[in-house]
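Read through the structure below, which is laid out as structure tokens, and then see the notes.
Hydrogens, waters and symmetry mates play no part in the numbers below; they use all other heavy atoms, side chains included.
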Amino acid sequence: MSTEAQTTSAGTAELMEQILYEVKRVVVGQDRFLERVMVAVLAGGHLLVEGVPGLAKTLTVKTLADAVRGNFKRIQFTPDLVPSDLVGTRIYNQKTGDFTTSLGPVFANLLLADEINRAPAKVQSALLEVMQERQVTIAGETHKVPRPFLVMATQNPIETEGTYPLPEAQVDRFMMKVLVDYPTDEEEFVIVERVIGEPTSASPVASTDQLAALQAECRRVYIDPSLIQYAVRLVSATRTPEKHGLKDMRRFITFGASPRATINLTEGARALALLRGRMYALPEDMTALVPDVLRHRVTLSYEGLSEGLTPDSLIDKIMRAVPAPAKPLEHEKLVA
């Protein structure tokens, strides 16, 4: 394998470094969350984010959009929202007697669906087509959304009154579910300093075309078949844990993860490898993303809930029972 194939080109690495630098000029801390956002962007996936208000979720996505000259839209989900508020509708012009199509806010590069679980299922389902097919159908006409396209939906874990659970079909379309925690004391000090000081904004350092080129570069990252097999075993263990030496776990799980989880694990590992400056994926690239990719796809049984278990605790057991490949990289043999 050539040296060029083992490391990212200088231009690619420099561009990603510039994008991250601009975002970090505005957003303090949240490195893990920002890394997951970049993984989703590079892999072409969507994010479901859970965290209390005030943790810079909206600011992170808006700043990223500014850094790549992307179109950013935010939708506040409320119980009275209707599907046409998201995708658009047909408007009758009395003067001409014709109908014109008014496109909704989903036509953006980065779409923030704030508190998505506050809207009823029919509104949440309006995102299904656009998240999977990257298009919207209005009155029989198909309209493509801009590329690249990322949906980041947020949930507030504190208040559950007046919320609606997300449909399983929609939850599965999110590449990852990321849990955002409070900043450290040092980070919070810097946050306050920046807020009370001179306003800081991100400078555009890339274009959406360059971002699309990064996505294409991501698909050229080498991932060994043994790593793909590792992803298959992890996902399989959520469906039939008894086949992987976890017989006692079966009664705690009603439904496991779908094949989409295996795809997302593989694509995510490639994106994280590219973000870390490599053109080949390592086992640690995949293991770092396993909880984020699987936690929203594992449905606990009533017995599991009554035992006080969480999807993360079961995923941790699965990761201990299913070992990662020791030396999965073909490039090691070729370089030696």
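L282 and D285 get closest at one heavy-atom pair: N-OD2, 2.8 Å. Annotation for L265 and M286: closest pair O-CE, 3.9 Å, computed over non-hydrogen atoms. Nearest heavy-atom pair across L289 and A269 is CD1-N, 3.7 Å.
Remark: the E115 side chain and the Q76 side chain contain an N/O donor-acceptor pair separated by less than 3.5 Å. For the residue pair T78 and D80, a side-chain donor N or O sits within less than 3.5 Å of a side-chain acceptor on the partner. Counted by atom type alone, S226 and D224 present one or more donor-acceptor pairs between their side chains at under 3.5 Å. With no hydrogens or angles considered, no side-chain donor-acceptor pair links T208 and N109 at under 3.5 Å.
Checked against R270 for a side chain to side chain contact (heavy atoms under 4.5 Å, CB included), the options L42, I223, L275 give a single hit: I223.
Using a distance-only test at 3.5 Å, with no hydrogens or angles considered, no donor-acceptor pair links the side chain of R134 to the main chain of K144. Here the side chain of T266 pairs a donor or acceptor atom with the backbone of T262 at under 3.5 angstrom. Remark: side-chain polar atoms of S313 are not paired, donor with acceptor, to backbone N or O of L309 under 3.5 angstrom.
Residues passing the ring-ring contact (aromatic ring centres under 6.0 Å, His included) test with F149 are H46, sequence neighbours excluded.
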